[in-house]
Number of protein chains: 2
Amino acid sequence: MSVFSQDITFKFVTSGNYNYMGRCENCIIRQFNSLRAMNKEELKRVSDTKTTKFLKKGEIIFGEGDKLNGVYCVRDGVSKLSKLSPNGKDQIVKLATKGAVLGQRSVITEEVANLSAIAVNDMEVCFVPKDAILDTLNSNPNFAVEVLRHIAHDLKEADDVIVNMSQKTVKQRIAEAFIYLEENFGEDQNGYLALTLSREDIANVVGTATESAIRIISEFKKLGLIKASGKKVAIANRQGLNDVAKGS
Amino acid sequence: MSVFSQDITFKFVTSGNYNYMGRCENCIIRQFNSLRAMNKEELKRVSDTKTTKFLKKGEIIFGEGDKLNGVYCVRDGVSKLSKLSPNGKDQIVKLATKGAVLGQRSVITEEVANLSAIAVNDMEVCFVPKDAILDTLNSNPNFAVEVLRHIAHDLKEADDVIVNMSQKTVKQRIAEAFIYLEENFGEDQNGYLALTLSREDIANVVGTATESAIRIISEFKKLGLIKASGKKVAIANRQGLNDVAKGS
DNA sequence: TCCAAAACATGACAAATGTCAGTTTTTTCC
DNA sequence: GGAAAAAACTGACATTTGTCATGTTTTGGA
């Protein structure tokens, strides 16, 4: 995490071009997604057509069923990708952070969005109109293959989630969720998980009732596996949490 | 389904070339997967390097963790794609039938297989060495995009499964499973589902204990929603099953 | 800084699901 | 066609999870 910020600073400082801001060519985030496979001209086109948006926590990037006219490249903050189930509950399928490209799947298949994307944090995202994406896809095999690799990876992750959902207990899944949050978003200066989710969001990630999630989180506190200050959570006993996640 | 068989027959009968057998160029199955986007030369290469295999029910096409040297194109029969969970249970993630290309994802990301593929039926599959696939991917954007579309579609389906698993009851999921089997594999002359799965496989599809699946299936029989003769199952009340699946 | 709204927490109970321990039926294969 | 194996089935019970009701704490503006 801190190394990452350093890199950005470095880029900023060494660039001789004072117009670099807002130019995709100089956006380091791009190194983490499929846009890295675009060539100069393709990137220029993206840069010229994109718009940058700032979203506040809770704002909707797009909703299930929306027709997407482009993709959203996350520059900062975290978004939850979720789907409303018929019984009225939201299932969070994925948490997307910097580097993620949202809406890619729907743009490729030219379907409406199957998930909704909501800011969990304050966010900065770049909207890239779909034509720049689709045209590049059809002409640059490197880009197409790079996108393919990313989607293929998402698919593998989704398969893993299916297995977890059906074969692990709620307690195991919540323990895993904390480990996941720590591994993917890190901790703040005080050792608390850098990404704070409400109990309801945690419940929606692991697919259980909010009360069940709360109860289990309380139990983890009593067992000394985690500690909490308000809604901030810190992992107190990583090995113990791991054992719970593994089911021992 | 029956229309589909007709088409094959038609092809066989009208082909003037008696070498058509075993040639991908003449394989109608190809129309249902990404190989349709290959051009003549690419297809020829696939055809020249591929080998056809016949598998008996229960045989393993590849296992989780196997390094795949190519993909398997299903010409006939059905395969279950499953993953072993840490607690020793198999979760079936997908059922693949004619037209499906197995192992595609792992070949693209150059990882070992994350799922195992086992024949549910007697099967006929064509093994295509990966080089023919990867080279085409890198040179023919049409093919790359076609593969992308297929994987993107799989990803959407996987997201739907995640939501079903976490938000629906076992009873709802079993009702859905029967509807799914009817819609995707059809019925035989006597109205029984054309694809017969063991109770254990059904349990592994919906992610529950075999006994629970059996109990619910028995209940469906008593309610007249389905009827069964041995392990063959027929849908007796489609609307009723639908209602159960929807949770009413 | 204070107050409402939201989020968190807990108890009591009901419903769903899993587990274990059998018996019966079906399938397979000689 | 019959025996052995596999699959299907059933009951009893434990465990997990969901639901409802209610109280407490935290949080985010006016």
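Each chain gets a letter, A, B and so on, in the order its sequence line appears, and its residues count up from 1.
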Just one of Val74(A), Val125(A), Val71(A), Leu115(A) clears the side-chain contact (heavy atoms from CB on, under 4.5 Å) bar with Leu102(A), so which one?
Val74(A)

Exercise: do Lys231(A) and Thr196(A) side chains pair donor with acceptor under 3.5 Å:
no

To the nearest Å, how far apart are Asp201(A) CG and dA6(C) C1'?
13 Å

Taking only side-chain N and O atoms of Lys89(A), does any of them lie within less than 4.0 angstrom of OP1 or OP2 on dT19(D)?
yes

Taking the side chain as C-beta and beyond, is there a heavy-atom pair between Leu181(B) and Leu95(B) under 4.5 Å?
yes

Separation of atom CD in Glu200(B) from atom C1' in dT27(C), rounded to whole Å:
15 Å

Nearest 0.5 angstrom please: His153(A) NE2 to Thr109(B) OG1, how far?
8.5 Å

Round to the nearest Å and state the distance from Lys56(A) atom NZ to dG28(D) atom C1'.
13 Å

Are Met123(B) and Lys56(B) packed together at the side-chain level, in the sense that at least one heavy-atom pair is separated by less than 4.5 angstrom?
no

With nearest nucleotides of DNA chain D determined for Ser229(A) and Thr169(A) from heavy-atom distances, which residue corresponds to the more 5′ nucleotide?
Thr169(A)

Leu197(A) has an atom CG; how far is it from atom P of dT27(D), in whole Å?
15 Å

Distance in angstrom units between Gln172(B) CD and dT17(D) P, rounded:
18 Å

Report yes or no: does Asp188(B) contribute a side-chain atom to a donor-acceptor pair with the main-chain N or O of Ala194(B) at less than 3.5 Å?
no

Should the pair Tyr72(B) and Phe62(B) be assigned to parallel (<30°), tilted (30 to 60°) or perpendicular (>60°) ring geometry?
tilted

Integer-rounded Å distance: dA16(C) C1' and Gln167(B) CD
15 Å

Contacts to DNA chain C from residues 232-242 of chain B, heavy-atom cutoff under 4.0 Å, which residues?
none

Hey, which of these two, Lys57(B) or Arg173(B), hits DNA chain C nearer its 5' end, going by closest nucleotide?
Arg173(B)

Nearest-angstrom distance from the residue atom CZ of Arg199(B) to P of dG18(C)
17 Å

Given atom NZ of Lys168(A) and atom C1' of dT17(D), what is their separation to the nearest angstrom?
18 Å

Within residues 206-225 of chain B, the residues having a heavy atom closer than 4.0 Å to DNA chain D are Glu211(B), Ile214(B), Arg215(B), Ser218(B), Lys221(B)

Please confirm whether Lys53(A) makes a cation-pi placement over Phe127(A), using NZ or CZ under 6.0 Å from the six-membered ring centre and within 45° of the ring normal.
yes

Quick check for you: to the nearest 0.5 Å, what is the distance between Ile226(B) atom CD1 and Ile235(B) atom CD1?
8.5 Å

